[in-house]
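Throughout, protein chains are lettered first and strands after them, A, B, ... in sequence-line order, and every chain is numbered starting at 1.
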Amino acid sequence: MWTLYTSHTLQPHYFPLNFRPASRSHHQATVALRLPTATSTTPSTINHNPSIQSLCVKGQLKQALELLSQEPCPTQHTYELLILSCANQHSLSDALIVHRKLIDNGFDQDPFLATKLINMYHELDCIERVRQVFDKTLKKTIYVWNALFRALTLWGRGEEVLGLYSRMNRIGIPSDRFTYTYVLKACVAAETLGSLLQKGKEIHAHILRHGYESHIHIMTTMVDMYARFGCVADATSVFNSMPVKNVVSWSAMIACYAKNGKPFDALELFHQLVLDNCDTLPNSVTMVSVLQACAAVAALGQGKLIHGYILRKGLDSILPVISAMVTMYARCGNLEWGKRVFSQMEKKDVVAWNSMISSYGIHGFGREAIEVFKEMILSGVSPSPISFVSVLGACSHSGLIEEGRFLFESMIKEHGITPTVEHYACMVDLLGRANQLYEAAKIIQDMRIEPGAKVWGSLLGSCRIHCNIELAERASKRLFELEPRNAGNYVLLADIYAEAEMWSEVKRVKKLIEARGLQKVSGCCWIEVGRKVYSLTSVDEFNPQIEQIHALLIKLFIEMKEKGYVPKTKVVLYDLEADEKERIILGHSEKLAVAFGLINNSKGETIRITKNLRLCEDCHSFTKFISKFAGREILVRDVNRFHHFKDGVCSCADYW
DNA sequence: CTAGGGTTAG
């Protein structure tokens, strides 16, 4: 009669078709054999109550519970179905009744049911009860441990998992392949990210010692773990060591590159996958990361090819793919195509709407972003916290201060969303950029949560624009504590001092950068010519056209000065002579990219440039002049947004 | 009870 739990002797009418009886595994049979008295005195074949079970599966939990109250000897299997049903119905009150009754029937030490209870309470968001069930179960099988690890990891309680994992190792319970995937995930699910990388490496070694080096799930999880720690080299070496890979492993590696500032590697790996691996085909998940990579480098030509590939593979109706595509087109400078892809979506979810809102935002269309935001609400989709980050960001780029304030208020009062640091950072940016620096500082002061680096960074950025030394010093003091290794903050402060010609202070900050061994990010631009992306930096001597570029720039420089262009030499951070400063600003990567575009692009074609930093004031004014002088439209994406130069004016209206 | 993905950010 115990074979009830294995598939080949199942009596079909006891089991509704959709209850996956065929996959009953060996483990459940073993557990059933060791069950305590409760089941052994009540043979399931007799006391099995099919109607409780069928009610459970039909979702009629209340009726099932009624029958349960009259049922003298419910079986382990009946309880299993009841537990699953409570989780499906999301009913905590019923869950508690079932749990109570289960204890009364003497099943409280059944490890199989404990596993199910843990999963159930996890589904019901009762993480404390998950812990309770685990603690009260004396005979903790590896299944019980794994269920706990899974729940805690998904709750972001990584440290707790790792603590328990050590305990498990001390007691001498061997891990299985499931345990390893959970503890690897736990390393990144922890709040104190940095410190757990070491732990992850230890587990890595442990996994190799136990002969799991070819296990595809574990190794893929490991690639992902290193990716999330930003350890691209480790992720790569794990990936390369895998003897067998599938589309998931490839996707994990491509995503790793795309998310860690290595978009070219992401694209290259994708090409390798498509060209050299006939047995593994990319799927929609792969394509999402590939699109992100295209967006990151603003490779419009490449992105269009990918779009074509997506159409050919029939992946063009998958929501995440379309959202990523909208973002890709917008971030590549082609807002129109993004709009078109978006408008062709049959069903739009909140993420799709958010992509469209932020796309309008980075192109400086604040009012349109707000319109789309309203349209989303009218269509019945509730805004998420990210919707507000997107729409507030759009307000900020367009200087829509009152609108932004109103939206922030409505977020809290009408939509019941508690502002996070991201939202505060948006508000500080919105006000600070509009030169309401003290208002911005007041927002920080009134915050009910700890203002993080993003918030102080916003304030410092605004101080840079409006040259406020007092607030800049306050903000940078906090920033140097919060992120001492971020060179950008030191550079901003030095910029502000330089602008005020406080050279000794500039020197002091520069010494700080040096003393801490930091490397400031140097300016870099890229531009796509004929589906190839070229990068330009001010120190680049390898560009074969560099002499031609310099010559063109000098010619333009002289001619434009005659037409009224005044070089803004104050952007140079050093105390130098004027002509020396002019020489420096003429070498800015963006000007090189503009010249490169003028030389290589066909006439009338828009020049599209991407920059890794914020546009400098002189390059901005220079490009405005050129757009008129050379009669060219020039589109520049800096770290934050797009600048669309045409006829001597910029779409940002000099507000960026 | 295993692995990869969309929108935000100074």
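A ring-ring contact (aromatic ring centres under 6.0 Å, His included) with A:F134 is found for one member of A:F149, A:Y121, A:W145 and no other, namely A:W145. Just one residue in the list A:I322, A:V321, A:V290 forms a side chain to side chain contact (heavy atoms under 4.5 Å, CB included) with A:I310, and that residue is A:V321. Considering A:I444, A:L459, A:L482 in turn, A:I444 is the only one that fulfils the side chain to side chain contact (heavy atoms under 4.5 Å, CB included) rule with A:P451.
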Worked check of ring-ring contact (aromatic ring centres under 6.0 Å, His included) between A:W250 and A:F270: CA-CA 8 Å; A:W250 282 86; A:F270 171 67; 9.8 Å; no
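Annotation for A:Q272: atom CD counts as buried by contact number, over 12 foreign heavy atoms lying within 6.0 Å.
Under the stacking definition used here (centres under 5.5 Å, planes under 30°), the residue A:F178 qualifies as stacked on the base of B:dC1.
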Sugar-phosphate means primed atoms, P, OP1 and OP2; the rest is base. With that split, encode nucleotides 4-10 of chain B 5' to 3' as B, S or - using protein heavy atoms under 4.0 Å. BBBBBBB
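The separation between A:M168 atom CE and B:dC1 atom P is 18 Å, rounded to whole Å. Straight-line distance from the CD1 atom of A:I118 to the P atom of B:dC1: 13 Å, rounded to whole Å. A straight line from CZ of A:F134 to P of B:dC1 spans 18 Å, rounded to a whole angstrom.
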Could you give the side-chain donor-acceptor pairs of residues 368-376 of chain A under 3.5 Å, partners two or more places apart or in another chain?
none

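When heavy atoms are screened at a 4.0 angstrom cut-off, A:F149 is found touching no nucleic acid atom at all. When heavy atoms are screened at a 4.0 angstrom cut-off, A:H215 is found touching base atoms of the nucleic acid.
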